[in-house]
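Take a look at the structure set out below.
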Amino acid sequence: MPDHSASPALEIHALRKSYGAKEAVKGIDLSIQPGEFYGLLGPNGAGKTTTLKMVVGLLRPDAGSISVFGVDTQSRGVEAKRLIAWLPDEPMLYDKLTPLEYLEFVAGLWGIDATHAREEAEKLLTRLELWDHRDERCEGFSRGMKQKAALAGALIHDPRLLILDEPLTGLDAAIARQVKDLLLERARAGCTIILTTHIMEVAERLVDRIGIIQHGQLVAEGTLDALRQQAGRSGGTLEEVFLDLVATRGAA
Amino acid sequence: MLPALRPGSLPWLLRHELRLSFRTKRNGPWMIAGSIVLLLMLHGIGIMSAFGFAKMDLPTSALHLMLGGAGLFTMAMNIAIALQLLVNGLYTRGDYDLLLSSPLSPRVILPVRLMGTWIALSAGVLIFTAPFINGGALIVSWRWLVGYLTLPTLSLITLSFSFLLLLGLVRVLGPRRARTVAQVTAGIVGIGGALAWQLMNMKGGGSGERTRAGMETALKLADTPIALAVRWLGAAMAGAPGALAILLLVGIGGFTAICWFSGPAFLRLAASTGAADTSPRRHKSRPMGLRVRGRTLSVLLKEWRLIWRDPALLTQVLSIGLMIVPMGFSLHGKTITTTGNALLYMGWLVVPPSLGLLAGAMVWLAVVAEDAPDLLGTAPVPRMQLLGDQLLAAGLPSLVILSAVSLYLLPAYGMAAVGIWLTGVLAILLFLLLDMRQAPVEGGRKAFQKRYQGNYLTLMAELLLALALYGLAFLAVWASPVWTIPPLLLAIGLAVAALLTQPPRAAKLG
C-alpha cells in the first residue's frame, strides 16, 4: 500500500476540459493539503463543478493530471475513489429505499466491513437526527432530510477527501447548522474537505483557504487575509473581497 | 400573430395548454416518415376491410351489436389510458402548483386540463380508426364519417368516468393508495382488453371462419336484454339520429356538469395528490439494523426493491412482456412437429422474445434510468463490473422464468425445450444489449412509458428483433437447437465488443 500521508490531499496540474467549442476549465493548478477545509468559489458557470466532477471521476479531463493523496485518478481511478466522497447539490438518493437501505447499498458499493458500517450508519443517522426515520422511504423526506441522508451516505465509508457541491443550498437554518457542525467535526478529525458555495458567510466561517475560479481559471487563492491583500483591501467581508476580485481579475 | 384572448379565460388557458403540448412532441423526420408509412398501410387495410364489409349482408340488429361491442372495447381501453394520463398529470404535478396558486378559477383549470387529456385520448383512438372510417366512407357509405363524431364523444364519456373514478378512489383510499390502485387498474384493464380482443383467435382457423362465427354469435345475442344497451350504443355509432343525439348529450352534458360541479372536489384532489409523497411510509423495523452485502448482491437487491416497491412501475414492466402475448394466443391451438416428432403448441415459441422484451425493459430501468448515476460513477468499482451487476439484475428474472419454462417442457419435448432455452438466452442478451443504449428521457424511471420518445428506431428494432427471435425459435424446435449456436456466439462477441469499445452512458463520463 502506498503511503498517502506525505502527499497532498489533492494535486491538480494544468487541468483542461471543453464541451464542444466552450472551454470550461482552462489549465487549473491547485494543491490542497491533508486536513485542509478548502472553499472553491466562483460565479455560476465558472467551472467549479466541472473541475470537481473531474476530480471524482465523473468527467474525463481533456488534459492535465489529478492525484488524490498521491494516487493518480486517471490511471488508478478505483483506488482514488476509495479515498473520496462526493456530495452534489441534488442528493443522489433512491426514493423507494429507506435511509438504512440506502446506506446498505453504499456500504456494499464501497465494500465496507459490516460491523464498521453498522456502527457508522447508526452513529451518522443519529447524529443527523434521521435515526427515527431510518425505516421510512426517502420519497416522503423534505429536501433537507434527503440532503442529510445523502451526506450520511457520503460519510459512511470514512472518506479522506470529502467534496461537496453547494451542500447547503435550500436547507433551513437548523439543518444547515447540523450539516456545518458535522463538516467541522470531520475536518477536525483530519478529513480534507472541499466545498463550493454561493453563500459567502458559510465560506468565511468554515474554510481555511479559498480558491476563486472564473472563466475556467483559478484567479485568486489563499486565506481571507491573503485574498484581501490580493484585492488591495485592508478589511471587508469575503463577499466584498470576492466581488472585487471577480471584477478585476475577470476583466483582466 | 395569435389572436388576443382575455388572460385567465378558458380559451386563453386552452391555447397555452395546446402550445405546450405541441412543443413537447418530437417530430423528427423518422417519426414523420414512419407515421406516413403507417397511415398508408392502415388505409390499405381499412379499404380492404371495407370491401369485405360491403359484401356482408348483416341485419341491422347484429350490425349495431357489433358496433356497440367495438365501442365498449374502445371505452375500456380509453379508461385505462385516461386513468394513466390523469394520474400522471396530477401526481407528477408539472405546473399544477403554479396554476392552483394563481387566482384562476378551478372551473377554468379543470376543463382545460380535462380537454387536453381528451384531445390526447381522441387522437390516439382516431389514429388507428380513421383509416377504417375513411375506407368505409369511400366504399360502403358516407355515413361512416359519423365515426369522427362518435369516437371522440366516447372518449369524452370515458374521460369523465375516469375522472370521477379517480375522485372516488382518492376519497375512499387516500391519495397514495388511490394512485397505486388507479395505475394498476389501468394496467389490468389495458392488458385485459388487449387479450380479450385476441380471445377469438384462440379457436384457430382462418380469419373468414372466425368472422362468420362472430356474426353467428352476434345474431344469437342480438335480441337478449343485455344486448339492448350495446345495440343502442351501436345505433348511435352507426349514426341513427335519435341515439346519436342522446350520445352527444350524455358526452357533452356530462363533461360540462362535471367541470361545473366538481371544481371544489378537484381542488381537494389536486391538493391531496400534491402531498401524496410527503407522508412517511414505514417498513418493518429490523433489530439487526443495517446489513452489508457484497457489491453484486447490493446492486441486485437495490434494483429489484426499486421496482417491487412501485406497483405502477411493476405493472408497466410486466405489461411489456405481455405485449407479445396476443401473438401467442393467435398461435394457440396450432402445433409444430419437433425434432423428436412430438407436437408442441406454437404459443411456446413466443416465450423467448417476450422474455427478451422483459429483460430490455428491466435494463432500461437499471442502466438508462438509474436515479443516482453520480453515486455509481464515484464508487470504487470498475465501470464494467458495475455494469455487469446491473445487467445481471435486469436479465436474471427473465432467465429464471425461461429456465422454469424450459424445464417444464424438457421431459416431454427434449431438444425442443433446449432450443427454446437457447433462443431465450439469445433474446435476453440481445435485448439487454439493445436497450441499455437507449438515450435517457426526462423524468428517469417515472417516465418508463415515455422511453421510446426520440428512440423510435429502438422501438422498431425491438419489434423486428422479436419477430426474428420467434423465427429462430421455430427453427430451433423444428430443425435443431444447433441453429441457435452461431447467433448466440455472434451476440456474445458483439456484446463484449460493444462493452469494451463504448460502454453505455459514455457521454456522461465525458
Side-chain angles (χ1 to χ4, degrees), chain A residues 17 19 53-54 56-62 77-86 88 90-98 100-122 125 133-137 139-142 150 153-154 156-157 163, chain B residues 91 176 275-314 369-386 389 444-446 505-510:
Chain A
K17 178 73 189 172
Y19 298 108
K53 281 193 166 184
M54 285 190 275
V56 299
L58 290 172
L59 287 174
R60 201 166 290 141
D62 293 341
V78 171
E79 202 182 325
K81 284 175 180 180
R82 284 192 200 288
L83 307 169
I84 309 175
W86 160 249
E90 282 299 320
M92 307 179 290
L93 281 182
Y94 300 96
D95 278 354
K96 301 283 176 193
L97 297 188
T98 68
L100 210 54
E101 289 167 345
Y102 175 68
L103 294 184
E104 275 177 11
F105 177 61
V106 177
L109 284 180
W110 260 261
I112 307 167
D113 168 68
T115 317
H116 175 71
R118 207 170 290 141
E119 286 169 7
E120 201 60 17
E122 184 167 349
L125 292 179
H133 303 282
R134 65 189 180 280
D135 295 319
E136 291 170 15
R137 289 186 192 173
E139 64 192 354
F141 283 8
S142 65
I156 195 167
H157 58 91
I163 300 176
Chain B
Y91 284 84
R176 193 160 49 200
D277 286 334
T278 54
S279 53
R281 188 139 187 216
R282 295 191 77 87
H283 285 271
K284 199 176 165 191
S285 190
R286 295 171 311 189
M288 289 292 288
L290 178 140
R291 288 181 207 137
V292 178
R293 300 168 176 91
R295 186 202 69 234
T296 303
L297 196 54
S298 295
V299 173
L300 296 188
L301 208 59
K302 186 266 283 183
E303 293 302 339
W304 294 340
R305 270 176 176 159
L306 292 180
I307 294 176
W308 182 250
R309 290 184 182 171
D310 194 336
L313 188 63
L314 188 64
E370 163 61 42
D371 283 333
D374 281 6
L375 176 68
L376 300 187
T378 55
V381 183
R383 175 79 191 123
M384 286 302 111
Q385 285 183 18
L386 208 50
D389 294 341
R445 60 175 53 232
K446 286 192 173 77
R505 302 181 75 86
K508 273 249 166 199
L509 295 170

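Side-chain atoms are counted along with the backbone in the values below, which use heavy atoms only and exclude waters and symmetry mates. Chain A is the first sequence line, chain B the second, and so forth, proteins listed ahead of strands; every chain is numbered from 1. The model shown is predicted, which means the values in this text are computed figures rather than measured ones.
Only the side chain of A:Tyr102 comes within less than 4.5 Å of a heavy atom of chain B; its backbone N, CA, C and O stay farther away. For B:Leu386, the part lying near chain A is the side chain, with the backbone staying farther off; criterion is any non-hydrogen pair under 4.5 Å.
With sequence neighbours left out, A:Trp86 forms a side-chain hydrogen bond (donor to acceptor under 3.5 Å, both in side chains) with no residue at all. Under the salt bridge (charged side-chain N to carboxylate O under 4.0 Å, His left out) criterion, B:Arg445 pairs with B:Glu303, B:Asp371, sequence neighbours left out.
Contact check for A:Leu97 versus A:Arg137: no side-chain heavy atoms found under the 4.5 Å cut-off.
Note on B:Val381, B:Thr296, B:Leu306: by heavy-atom pairs under 4.5 Å with chain A, the leading option is B:Leu306.
Ion pairing of A:Glu139 with B:Arg309 is absent here, as no side-chain N (NZ or NE/NH1/NH2) approaches a carboxylate O to less than 4.0 Å.
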